[in-house]
**Student:** 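Take this structure first; my questions come after.
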Protein chains: 2
Amino acid sequence: MYSGPMSTSERLIASTQDLLWERGYVGTSPKAIQERAGAGQGSMYHHFSGKPGLALAAIRRTAEQMRAAAEASFSGPGGAGDRLRGYVLRERDVLRGCPVGRLTMDPEVIADPELRRPVEETLTWLRARLAAIVEEGRRDGEFPARLDPAATAATIVATVQGGYVLARAAGSTAPFDAAVQGLLALLGVDGVPEPDPAPGPGGVPGPPGAAPRTGPESGPAEAAG
Amino acid sequence: MYSGPMSTSERLIASTQDLLWERGYVGTSPKAIQERAGAGQGSMYHHFSGKPGLALAAIRRTAEQMRAAAEASFSGPGGAGDRLRGYVLRERDVLRGCPVGRLTMDPEVIADPELRRPVEETLTWLRARLAAIVEEGRRDGEFPARLDPAATAATIVATVQGGYVLARAAGSTAPFDAAVQGLLALLGVDGVPEPDPAPGPGGVPGPPGAAPRTGPESGPAEAAG
DNA sequence: GTCTATATCCAGATAGAC
DNA sequence: GTCTATCTGGATATAGAC
């Protein structure tokens, strides 16, 4: 991923990606985009048709990036269970939420078929890709044969997307981690693989047992997914 | 729930609840609230301190209503599995999303501790309530003893919240239904209970098997949850 | 309690010079 | 390609009459 000096139009796209992630479509003004990109109004309206056009370019870019990041987990080494665990446990900027899923709450994005399409395609691709992995694991005897791959895939994606919601509500990553550990346990793909295996108290009242990752949060501005 | 003629301040609160659900905090203007409530500017600023004050009243109201609606499922008849299934399958305005979870994507809500608190409390309550039900089912032998109640509860809430995201992205309730059926299958609480048991094709590429409810969507403006 | 000014600033964009 | 006006309207109030 080239990240040397960027052209004005690239900077405008990148700034819009950031702002759409942070504040959504309705909450993002042309002025804010221009300021963050270090560009004037003229530049923005020279390169793009207006806010919707620029948002479309930004959303497409974000969707591409999220796919690439997810595919890195999917096509990694190991069996279906390993790759599935790798995907749900992969490093994420949890408190920022998912830059694609977030757009789903934007009425103007949902109302505009062009803006919605990349969002829909990305999430549909994700479900299909996960369904294939569940199917593979089922064939290999890693998962119970009774699992419906498409439904299970939807549950996996939903758990991740909903995990962001719980984390942002709580102001903590703990509920995200709890949701993901609960999912892995239900799938029979248990165990914390990466570092920091010391279990701490969960973020919710009731019996303990979840093993939240307690690592740092505000990391790189990469796609979450 | 009394729903006769409402005072101006009640109409302002109700209108704000609707608009926060549809468009979020940043996307909701005082003017839009006033128009929907049939009230003038003066009335709004007489009864409330401004947009944040009115939003706080509306968010608290929505949180109360969602709790009441969820509690109706939780305290209903049947075993833990029945009540859990009743909760996740209960009628929802899926394409509208969750009026509480939605606020989580609003930067101004998350940044303001007063506005965030009702959101956090509601979702935390929901997890605790579900954890107790999972725990109960575990004791009764309905669920595997190895399940962690808190983590499983987080997974359940996350699946529902993420199901809304998938449904809105797809412009269809099918992925929500698929996610929920996948969850129930993982929990070993199978079967479509209510009407319309004829399974249709799922909304995702890959092997079929999910049984989406295909009923009407735009129903009453009640809390989803 | 409700209404109609009035005020300031920002959103979103166009025009045209450089 | 980029910049600085300039424009119309909405966001978010305050003031004060009724």
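We name chains A, B, ... by the order of the sequence lines, and we start the count at 1 in each one. Hydrogens, waters and symmetry mates play no part in the numbers below; they use all other heavy atoms, side chains included. If you're wondering where the values come from, they're calculated on a predicted model, not measured in any experiment.
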**Student:** Can you see whether B:Tyr87 has B:Arg92 sitting over its ring - NZ or CZ less than 6.0 Å from the centre and within 45° of the normal?
**Tutor:**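 Yes; both conditions hold, so B:Arg92 lies above the ring face of B:Tyr87.
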**Student:** Expressed in angstrom and rounded to an integer, what is the separation of B:Glu108 atom CD from D:dA11 atom P?
**Tutor:**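 For the pair B:Glu108 CD and D:dA11 P, the rounded distance is 14 Å.
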**Student:** According to side chain to side chain contact (heavy atoms under 4.5 Å, CB included), who are the partners of B:Ala72, at least two apart in sequence or on a separate chain?
**Tutor:**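 Checked B:Ala72 against side chain to side chain contact (heavy atoms under 4.5 Å, CB included); zero matches.
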**Student:** Does anything in residues 40-61 of chain B pair up under salt bridge (charged side-chain N to carboxylate O under 4.0 Å, His left out), and if so which pairs, sequence neighbours excluded?
**Tutor:**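 Passing the test, one end in residues 40-61 of chain B: B:Glu10-B:Arg61.
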**Student:** For A:Lys51 and C:dT14, give me the distance from atom NZ to atom P, rounded to whole Å.
**Tutor:**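 About 15 Å, once rounded to whole Å.
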**Student:** So with a 6.0 Å cut-off around CD of A:Glu71, is the heavy-atom count from everything else above 12?
**Tutor:**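 More than 12 heavy atoms, drawn from other residues, nucleotides or ligands, come within 6.0 Å of this atom.
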**Student:** Give the residues of residues 33-48 of chain B touching DNA chain D, defined as any heavy atom closer than 4.0 Å, sorted by residue number.
**Tutor:**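 Heavy-atom cutoff 4.0 Å gives B:Gln41, B:Tyr45.
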**Student:** Return no unless some side-chain N or O of B:Ser29 is found under 4.0 Å from OP1 or OP2 of D:dT12.
**Tutor:**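 For D:dT12, OP1/OP2 do not have a side-chain N/O of B:Ser29 under 4.0 Å.
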**Student:** Please state how far atom CG in B:Leu12 lies from atom P in C:dC3, giving the value in whole angstrom units.
**Tutor:**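 It is 10 Å, rounded to the nearest whole Å.
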**Student:** Would you mind reading off the distance between B:Glu10 atom CD and C:dT2 atom P, rounded to a whole angstrom?
**Tutor:**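 Going from CD in B:Glu10 over to P in C:dT2 covers 12 Å.
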**Student:** Roughly how many Å is it from CZ in B:Arg23 to P in D:dG10, rounded to a whole number?
**Tutor:**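 Distance check: B:Arg23 CZ to D:dG10 P gives 13 Å.
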**Student:** Is the Lys NZ or Arg CZ of B:Arg102 less than 6.0 Å from the centre of B:Trp21's six-membered ring, within 45° of the axis?
**Tutor:**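 Geometry flag: not set, cation outside 6.0 Å or 45°.
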**Student:** Do NZ/NE/NH1/NH2 and the carboxylate oxygens of B:Glu108 and B:Arg116 come within less than 4.0 Å?
**Tutor:**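 Answer for the salt bridge query: no.
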**Student:** Considering every strand and a 4.0 Å limit on heavy-atom distances, what is the contact class for A:Thr28: base, sugar-phosphate, or nothing?
**Tutor:**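 Contact class for A:Thr28: sugar-phosphate only.
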**Student:** Pick base, sugar-phosphate or nothing for A:Ser49, based on heavy-atom distances below 4.0 Å to the nucleic acid.
**Tutor:**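 Contact class for A:Ser49: none.
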**Student:** Separation of B:Met6 atom CE from C:dG1 atom C1', in whole Å?
**Tutor:**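 The answer, rounded to whole Å, is 17 Å.
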**Student:** Does D:dA11 have OP1 or OP2 under 4.0 Å away from a side-chain N or O of B:Lys31?
**Tutor:**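 False: B:Lys31 side-chain N/O out of range (4.0 Å or more) of D:dA11 OP1/OP2.
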